[in-house]
Amino acid sequence: MKHLHSGKVRDLYELPGGELLMVARDTVSAYDFVLDTLIPDKGRILTQLSLWWFEQLADVLPNHVITTELPEGAPAEWAGRAVVVRRLDMVPVECVARGYLTGSGLKDYASTGAVCGVPLPEGLVDGSRLPEPIFTPTTKAAVGDHDEPMTFAEVRATVGDDVAERLRGLTVEVYRRGAELAAERGIIVADTKIELGWSPEGGLVLADEVLTPDSSRFWPADRWTPGRSQPSFDKQFVRDWLVSPEAGWDRAAGDPPPPLPPEIVDRTRAKYVEAYERLTGRAFV
Ligand code: ATP
Ligand code: MG
């Protein structure tokens, strides 16, 4: 196995046959830092949740999964968090759909009245539901850089008119399906990011991870109150604790965050498990 890339959460290896092995780690990030403390089972939960979504979305578009069987030479402890996938030529656009306004979308709206050039009604606040889901693509930044918003015209200039339309259509459809299904289980999908790639035969294929708490904002529906920042389903305990006096973290000084106490780790792990179990209706073993 040849190591190709390590991102914030996944390691990528090339297998002798040319396929890729994607291995998710248990790392968690908050406030733009990757924390030193691991959340046990997080990699396995995100991998299993993506696999489940790939199946739910199979009639929308094909995905990159080949097998979940570990290839020869892979350590046994990768079981459940490693997937053998087709190597794709990745589309150079991060495909984001939003059904609710928050985060960088809210900032864009506050200064322009639009998100990525999509005009929105007046009077929306943090957490507002949008009249309909919108496509808000960004650039794929190199490691360390921030993804920048793209207008639809910029996407067209990058990939061509026809492909741009298809990216928008597929992204919004994945969002709609995900949001609809999650809503039945008491979870709001505020927004989500997907990554698409070209197969050697020339088709668009869903890659990376899909509709996980890392690629999406999940909010507990019963606590949704527009006009403030919403509690997030997964990392809220981490974020809250990091900015509490107990953590003693001088964020403004640019210090790295302190290690998380065991109780915060346990509660965060439980949230990830809960998201998986609620969405899939399966027990996490
Ligand atoms: P971020 O933390 O912002 O997501 P990242 O995307 O670089 O950073 P990871 O998600 O950890 O980090 O790594 C996964 C990498 O693998 C991404 O660069 C993604 O574009 C790439 N990738 C995912 N699926 C495929 C595939 N089927 N073929 C080729 N590259 C892929
Ligand atoms: Mg990624």
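Numbering of ligands and ligand atoms starts at 1, following listing order. Side chains are part of it too, since the values below use all heavy atoms of this structure and drop only hydrogens, waters and symmetry mates.
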Can you list everything that forms a side-chain hydrogen bond (donor to acceptor under 3.5 Å, both in side chains) with Arg267? Sequence neighbours excluded, please. Glu263
Please classify the Leu20 to ligand 1 contact at 4.0 Å (heavy-atom distances, strictly less than): side chain, backbone, both or neither. side chain
Counting from 1 in the order shown, the ligand 1 atoms closer than 4.0 Å to a non-hydrogen atom of His64 are 24 (N), 26 (C), 27 (N)
Within the 3.5 Å criterion, strictly below it, is a donor on Arg98 or Thr136 matched to an acceptor on the partner's side chain? yes
Closer than 4.0 angstrom: is that true for some heavy atom of Met22 and an atom of ligand 1? yes
Is there a donor in the side chain of Thr139 and an acceptor in the side chain of Asp147, or the other way round, less than 3.5 Å apart? no
At under 4.0 Å between heavy atoms, which part of Leu12 makes contact with ligand 1: side chain, backbone, both or neither? side chain
Same cluster for Leu206 and Val65 if Ile/Leu/Val/Met/Phe/Trp/Tyr side chains link at under 4.5 Å? yes
Cluster link Ile66 to Met22, ILVMFWY, side chain under 4.5 Å: no
Short list, please: which atoms of ligand 1 are under 4.0 Å from a heavy atom of Val9? 11 (O)
Show me which atoms of ligand 1 lie under 4.0 Å from any heavy atom of Arg86. 26 (C), 27 (N), 28 (N)
So, regarding Leu88 and ligand 1 (criterion: nitrogen or oxygen to nitrogen or oxygen, under 3.5 Å), is there a contact or not? yes
Counting heavy atoms only, which part of Arg10 comes closer than 4.0 Å to ligand 1: side chain, backbone, both or neither? both
Donor-acceptor side-chain pairing of Ser229 and Asp126 below 3.5 angstrom: no
Indicate, as side chain, backbone, both or neither, the part of Glu195 found under 4.0 angstrom from ligand 1 when only non-hydrogen atoms are considered. side chain
Among His5, Arg87, Lys8, which one has a heavy atom closest to atom 2 (O) of ligand 1? Lys8
Return the set of residues passing ring-ring contact (aromatic ring centres under 6.0 Å, His included) with Phe218 (not counting sequence neighbours), or none when no residue passes. none
